[in-house]
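Protein chains get the first letters and strands the later ones, always in sequence-line order, with residue 1 at the start of each. Just so you know, these numbers use all the heavy atoms, side chains as well, and skip hydrogens, waters and symmetry mates.
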Amino acid sequence: MNFPDLHPWDLTYSAAIALQKDLATRVELRNRLRRPLSHVAGVDVSYRKHGDQFFAAVVVLSFPHLEPIEVADFSARVNFPYIPGLLSFRELPVLLQAFRRLRTVPDLVLVDGQGIAHPRRFGLASHLGLWLDLPTIGCAKSRLTSMAQMPEEDKGATSPLTDKGELIGTLLRSRARVKPLYISPGHRLDIPTAARLTLDCTGRYRMPEPTRLAHLETNRLRREAEAARV
DNA sequence: GCGACAG
DNA sequence: ATCTTGTCGC
């Protein structure tokens with residue numbers, strides 16, 4: 001089964017899966033963080049239901065104070081469809097363009113989506129981490145693959161995320177009494193460190209500051225573009 | 001064969 | 001993710 005127009009990857013469905021399996025062997029799950037950590041980035045993408053215009057943003061914050069340092073945007077048309085398990089082929093190209101406009105090289109990147117908590121252990125955060133050669137964390141709002149018991153209701157409570165008997169991440173309560181986040185390392189981090197750093201980047205909101213601010217920026221861009229064209 | 005299914 | 005108004009709760 002093929003799907004048309006896989007731009008800019010030009011891959012069939014089965015070739016995309018084979019590529020993920022191959023690239024997954026290059027993912028590092030050991031800590032390779034630059035210390036001390038001084039710059040943490042968050043990335044996000046938004047678009048409209050009808051229309052293929054995508055808006056990507058990367059925001060760099062200081063660490064540990066989480067003050068915004070730099071913002072880079074990029075917008076373009078995307079025609080790769082959303083297919084569960086193949087999200088990176090849809091969102092990665094526009095995200096990489098946004099990174100090209102960034103001057104600061106972050107020490108860590110938080111991503112809206114899964115890391116290794118993915119059927120082939122290669123979610124968007126892993127793909128971005130390999131491409132940028134940077135440590136990344138997948139901070140997803142809902143599950144793709146994985147099982148877990150619910151953590152306690154207090155902020156910082158965790159429970160292990162597993163798939164087929166394998167430990168692949170952490171279910172993290174980022175705020176008291178909110179739906180927990182699905183945290184998994186994307187690249188160059190181990191599972192406990194990914195959860196710990198996510199918590200360190202989280203303030204009074206459910207989403208960690210880097211991805212939360214990237215999300216706001218992405219929506220600001222979209223509203224601006226819609227207002228600009230008549 | 002029947003669900004589940006990041007954003 | 002997006003569409004879309006009001007509404008319940010701290």
Side-chain angles (χ1 to χ4, degrees), chain A residues 1 3 6 9 13 16-17 20 23-24 27 42-58 73-96 98 109-130 136-148 153-155 161-164 168-187 194-195 198 203-208 210-212 214-226:
Chain A
M1 182 200 305
F3 37 67
L6 301 192
W9 304 90
Y13 181 79
I17 298 221
Q20 288 184 323
L23 293 175
V27 168
V43 300
D44 192 34
V45 173
S46 75
Y47 50 91
R48 296 192 308 167
K49 185 175 188 179
H50 297 300
D52 44 14
Q53 194 70 17
F54 275 49
F55 302 89
V58 45
D73 304 315
F74 189 82
S75 111
R77 291 187 179 284
V78 172
N79 54 29
F80 197 103
Y82 170 69
I83 299 166
L86 298 183
L87 178 65
S88 66
F89 294 95
R90 177 169 166 85
E91 297 197 347
L92 189 56
V94 62
L95 281 176
L96 292 176
V109 183
L110 270 56
V111 179
D112 208 324
Q114 313 287 354
I116 61 169
H118 177 281
R120 291 164 292 281
R121 308 291 178 261
F122 198 69
L124 174 59
S126 298
H127 208 157
L128 181 68
L130 264 193
T136 57
I137 300 176
C139 305
K141 298 181 292 301
S142 60
R143 62 157 237 137
L144 175 58
T145 265
S146 68
M147 300 176 46
E153 292 286 352
D154 51 306
K155 176 172 180 172
L161 275 182
T162 62
D163 182 37
K164 301 172 185 172
I168 57 174
T170 306
L171 192 56
L172 171 69
R173 192 84 68 176
S174 52
R175 278 194 62 174
R177 293 175 294 282
V178 300
K179 185 183 177 199
L181 260 25
Y182 293 74
I183 308 299
S184 58
H187 187 45
T198 299
R204 60 169 294 206
Y205 299 91
R206 180 192 180 214
M207 295 305 292
T211 54
R212 191 180 75 84
H215 186 72
L216 292 179
E217 172 62 12
T218 219
N219 282 146
R220 188 194 67 74
L221 265 183
R222 192 166 69 111
R223 284 184 293 108
E224 185 179 270
E226 288 172 356

Between the protein and nucleotides 3-5 of chain B, list the N/O to N/O atom pairs that are separated by less than 3.5 angstrom.
| unit_1 | atom_1 | unit_2 | atom_2 | d |
| --- | --- | --- | --- | --- |
| B:dC5 | OP1 | A:R143 | NE | 3.0 |

Under the rule for salt bridge (Lys or Arg N to Asp or Glu O under 4.0 Å), what residues qualify as partners of A:K179, not counting sequence neighbours?
none
Touch check for A:H118, heavy atoms < 4.0 angstrom, all strands: base, sugar-phosphate only, or nothing?
base
What residues in residues 122-130 of chain A put a non-hydrogen atom under 4.0 Å from any atom of DNA chain B?
A:G123, A:L124
Can you tell me how far C1' of C:dA1 sits from CZ of A:F54, to the nearest Å?
8 Å
Ignoring backbone atoms, establish whether A:K141 has a side-chain N or O less than 4.0 Å from OP1 or OP2 of B:dA6.
no
Sub-4.5 Å side-chain heavy-atom contact between A:T162 and A:I168
no
Phosphate OP1/OP2 of C:dT2 contacted by A:R222 side-chain N/O (<4.0 Å)
yes
Holding to ring-ring contact (aromatic ring centres under 6.0 Å, His included), I want the full list of residues that pass it with A:Y47, two or more places apart in sequence or in another chain.
A:F54
Can you tell me how far C1' of B:dG7 sits from CG of A:D44, to the nearest Å?
9 Å
What is the separation between atom CG on A:L161 and atom C1' on B:dA6, rounded to the nearest whole Å?
13 Å
For A:F55, give me all partners under ring-ring contact (aromatic ring centres under 6.0 Å, His included), at least two apart in sequence or on another chain.
none
Tell me, please, which residues at least two apart from A:R222 pass salt bridge (Lys or Arg N to Asp or Glu O under 4.0 Å).
A:E226
With the sugar-phosphate defined as primed atoms, P, OP1 and OP2, and the base as all remaining atoms, what B/S/- string results for nucleotides 5-10 of chain C, 5' to 3', for protein heavy atoms under 4.0 Å?
------
Using modelled atom types and a 3.5 Å cut-off, is there a donor and acceptor pairing between side-chain atoms of A:Q114 and backbone atoms of A:P185?
no
Run through DNA chain B and report every stem of 3 or more consecutive Watson-Crick or G-U pairs, distances under 3.5 Å, ordered by first number.
none
Would A:R121 and A:D163 pass as an ion pair if we require N to O under 4.0 Å?
yes
Touch check for A:G85, heavy atoms < 4.0 angstrom, all strands: base, sugar-phosphate only, or nothing?
base
Could you list the residues that satisfy salt bridge (Lys or Arg N to Asp or Glu O under 4.0 Å) with A:R175, not counting sequence neighbours?
none
Please list, chain by chain and in numerical order, all residues satisfying salt bridge (Lys or Arg N to Asp or Glu O under 4.0 Å) with A:D112, sequence neighbours excluded.
A:K141
Go through the structure and list residues passing ring-ring contact (aromatic ring centres under 6.0 Å, His included) with A:H118, not counting sequence neighbours.
none
So what is the 5' to 3' dot-bracket string for DNA chain C, if pairs are Watson-Crick or G-U wobble with both distances under 3.5 Å, crossing pairs use [ ] and | means the partner sits on another strand?
..........
